[in-house]
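Below is one structure, written out as structure tokens, with a few remarks after it.
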Amino acid sequence: MNHNSPINHNEELKSSSSNGFKVALVGAPNCGKSSLFNALTGSRQKVANYPGVTVERRSGIYKTEHDSEITLIDLPGLYSMNDRSLDEKISRQVIMGEHETESRPDLILCVLDSTNIRVQLRLALELKTLRLPMVIVLNMADIAKRDKIEIDTQKLALDLGLKVITTTAVRRSGLASLRDVLDHDVSSIKAEKLNIPQKTSFKDIAELQKCAKKIAACAIISEGHYHKATKAIDKILLHPVLGLVIFLSLMVFMFQSVFSWSSVPMDIIEKGFALLAQGITAITPDNWLRSLLNDGMIAGVGSVLIFLPQIVILFTFILILESTGYMARAAFLMDKLMGSVGLNGRAFIPLLSSFACAIPGIMAARTIASNRDRLITIMIAPLMACSARMPVYTLLIAAFIPDQEVWGYFNLKGLVLLALFLTGIVFALIVAFIMKLTISKETAKPFLMELPKYQLPLLKNILLGLWERTKAFLRRAGTIILGTNVALWVLALYPTAPEGSSDPDINHSIIGIMGKAIQPIFEPLGFTWEICIALIPGMAAREVAVGALGTVYALQGDEDQVANSLEVMISQSWSLPTAFAFLAWYIFAPQCFATLATARRETNSWAWTGFMTFYLFALAYLSAWGVNVVTTHIIG
Amino acid sequence: MTLIKNLDTPTLKTLYLSDLEKGQTAIMTGFDTSKCPDQNFAKDLKERLMEMGFEENRRIEVFEKGLFFGDPIAVRIGHMTIAMRKADARAVTIKLGASCLHES
């Protein structure tokens, strides 16, 4: 790669404001860069991907006091510019003007953690060689002050030959100096751009390090002490026994909350959609349009949107744990366990997210540096029992598992649910272990992870993060799910039953025909043709199968049966082996188009997406078959 | 215990960051990546450690160790705490100085 050519050949192709001013935020992880970005741009921000890669592009608009607009981009956090990870590579390309779609920024805000400039000055010096106008932002000034760290900013500015300002991203007043630069100095920076001193370069890392050390030694008046609160909290939270106990309790509390706190809002959403369907029934004639709106669109989208409360609650927890700095501690505590199957502690977070939904989980795997580890994490993410499995699990558990106390303490239904979750986890670990042994060897990456200082979470950052995730989820519900549901609605309705036939339409529809056609394949698992019909729409999204079962049974029976709940209907018409086999199938089967589409995007490979689909279906089939055979044998 | 003894009778045996007990502090003396699985890994590890502030003559404290086999370890260097595996900590050489005993 030619590092010395700032000239780009497809300047015209580049998006973004060619006439506006563009500022890039660059800095090490945990330097408070994103808080700074959020504070400056607020809700005027956009998160997308750089084309073809999974590096996030965060951009936003800063409004100056004269109401002009400055584009801010928040580049991924990095310790150096070595092109070692994709994040580093993209950041370097953008800063050097070599990126295909991102034009070169006009100004770099190099954000350094004031409490750690000794280490972070290195990056500043590295950036300086790139000959872009740059301002050094010493962030977290408040913490530095509290920890008795004193920096001579004037000396630092002199030694670096750059403007140096101090900020506290978490306080509005702490941004005054930065706002001042953005509001007033932009035009002078633009002019300055032309006469930047000649590029200075460093022979090697050692020389860079030496230079950084010299500057730091001059500029640091007092080293201060290590963050006292962090030290005290870590004594407890990183403790080998106490820390693990607290961590596990936290996880139990989190999952408990995800399910208990969400029940009221979920009821409200369900009732809301029911009211909407009633309203449509009231104003439309009884024809295909009403059916399309009610059965195709509202039922389909409603069945997915109902999980929004669970996803919001889970992400609130995850975002709080992340922004306080606890997530890195969780990764530390879990590293040994993950290491036993060849992954590292970092894989824990994506897998945890996958319990709400595999999609954010797969996306969170981006934080894993090793490609192989990242791939394995993506492959096993769908084995974590996502919230879309809950309707199926709860329906079948309610229908078949007696409400009975076990060992005087636990509820049998709860235990079965736990067993379903654990089976997924155990198989995920087994699959990870096998993949680690078989996937072509890539150089292992060391596991080095900074444990950041503890901080109070900022409401604004949490809300922005939540909104971003919610938007992604709603977009999915509005596009893929709506689309497939409308398609399935058509396939379930046409062709209609011949006149005089007593069968419901769905039996004669394309889906009915398909369901009956695949039934022989599922015969060994004990699946009836009703189940097979429900499985076809359930391929698009797991929870849709429940609604489809409702359709199949409701349309089939006489009025008394229709009045019966689906639960009673199933408990009467399914055998126990069938029910258990169906549950086993649901632990594994990758019945979610959106997950597969995400896996395709994140791995950038059809082969791996195909592998994921295949191995999950294979596991689903074999385990459902095994469960059916064994259960049939036992109950004789 | 054995480490403390080394203070009185300095030997030529090299000490590694992975040798330290929980709560012990030492002075870093350099890198020794000879036990790394391969050269690429060694280079990568050394560069990353340097980026995170591992330098000669800096004080390092092993702050915490994991429950199982004392792995991974949490290491404090300057104003940073870094989680790393014992195997990787084997690449950092240290010495125990008299000053270390008074600190922390």
Side-chain angles (χ1 to χ4, degrees), chain A residues 28 30 78-80 82 84 113-120 122-123 143-144 147 149 205-206 208-210 212-213 223-227 230-231 234-235 237-241 243-244 325 328-329 331-337 339-340 344-345 369 443-453, chain B residues 17-18 21-23 25 28 30-31 33 35-92 103-104:
Chain A
N30 309 314
L78 37 93
Y79 290 106
S80 76
N82 280 343
R84 224 172 11 212
D113 172 357
S114 297
T115 66
N116 199 21
I117 65 162
R118 203 185 202 293
V119 174
Q120 301 197 346
R122 237 187 77 129
L123 178 66
I143 300 178
D147 293 349
I149 297 167
I205 303 173
L208 179 70
Q209 196 104 341
K210 221 173 98 189
K213 218 167 140 180
E223 284 264 14
H225 55 77
Y226 187 79
H227 199 227
T230 298
K231 198 169 183 168
D234 269 346
K235 279 227 161 76
L237 294 186
L238 286 185
H239 188 274
V241 180
L244 269 179
R329 272 77 184 180
F332 175 83
L333 293 169
M334 285 291 104
D335 181 62
K336 199 70 197 169
L337 175 70
S340 65
N344 71 44
T443 318
K445 292 263 165 66
F447 172 62
L448 286 177
M449 186 180 57
E450 186 183 347
L451 302 178
K453 284 181 279 295
Chain B
L17 182 54
S18 51
E21 297 296 327
K22 174 178 164 180
T25 304
M28 184 175 158
F31 296 100
T33 51
K35 286 272 163 57
C36 286
D38 63 72
Q39 281 206 324
N40 285 336
F41 185 91
K43 183 171 169 281
D44 192 25
L45 177 61
K46 192 178 158 185
E47 275 180 18
R48 279 169 196 263
L49 285 170
M50 283 173 81
E51 280 166 18
M52 294 187 134
F54 282 80
E55 275 172 55
E56 276 171 43
N57 296 322
R58 291 196 81 185
R59 248 164 46 87
I60 306 182
E61 181 196 345
V62 172
F63 180 75
E64 192 55 85
K65 289 188 164 197
L67 178 60
F68 305 103
F69 310 103
D71 200 20
I73 59 176
V75 173
R76 187 156 295 151
I77 183 161
H79 286 271
M80 277 174 109
T81 307
I82 291 153
M84 64 197 298
R85 289 190 174 156
K86 257 172 121 175
D88 297 337
R90 169 65 180 67
V92 177
E103 279 162 0
S104 137

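Chain letters run A, B, ... following the sequence lines, proteins first, then strands; residues in each count from 1. From a predicted model like this one, the values you see are computed outputs, not experimental measurements.
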Between Met52(B) and Met449(A), the two heavy atoms sitting closest are CE-C, 4.4 Å
Is Glu55(B) close to chain A through its backbone or its side chain, or both, or neither, when contacts mean heavy atoms under 4.5 Å?
side chain
What part of Asn30(A) lies closer than 4.5 angstrom to a heavy atom of chain B: side chain, backbone, both or neither?
neither
Can you confirm whether Lys46(B) is buried at NZ, in the sense that more than 12 heavy atoms of other residues, nucleotides or ligands lie under 6.0 Å from that atom?
no
Let's test your reading of the structure: which of Arg48(B), Glu51(B), Met84(B) forms the most heavy-atom pairs below 4.5 Å with chain A?
Glu51(B)
Test side chain to side chain donor-acceptor pair (under 3.5 Å) applied to Lys22(B) - qualifying residues, sequence neighbours left out:
Glu64(B)
Go through the atoms of Ile77(B) and report whether side chain, backbone, both or neither lie under 4.5 Å from a heavy atom of chain A.
neither
Is Glu450(A) close to chain B through its backbone or its side chain, or both, or neither, when contacts mean heavy atoms under 4.5 Å?
both
Of all the heavy-atom pairs spanning Phe54(B) and Gln209(A), show the shortest one and how long it is.
O-NE2, 4.3 Å
Given Gln120(A), His225(A), His227(A), Lys453(A), the one with more heavy-atom pairs under 4.5 angstrom with chain B than any other is His225(A)
So which residue, Ala74(B), Gly78(B), Ala87(B), ends up with the most heavy-atom pairs under 4.5 Å with chain A?
Ala74(B)
Which one wins on heavy-atom pair count under 4.5 Å against chain A: Leu45(B), Thr81(B), Ile82(B), Leu67(B)?
Thr81(B)
Asp113(A) portion near chain B, given a 4.5 angstrom heavy-atom threshold
neither
Once salt bridge (charged side-chain N to carboxylate O under 4.0 Å, His left out) is applied, what residue pairs with a partner in residues 72-89 of chain B remain, sequence neighbours excluded?
Asp335(A)-Arg85(B)
Look up atom OG in Ser80(A) and atom CE in Met50(B), then write down how far apart they are to the nearest 0.5 Å.
10.5 Å
Does any backbone or side-chain atom of Ile149(A) lie under 4.5 Å from a heavy atom of chain B? Answer side chain, backbone, both or neither.
side chain
Gly66(B) and Pro240(A) have their tightest heavy-atom pair at C-CB, 4.2 Å
Quick one: what part of Leu244(A) sits under 4.5 Å from any heavy atom of chain B, side chain, backbone, both or neither?
side chain
Give, for atom CG of Leu238(A) and atom CZ of Phe63(B), the distance between the pair rounded to the nearest 0.5 Å.
6.5 Å
Whatever's closer than 4.5 Å to a heavy atom in chain B on Lys235(A) counts as both
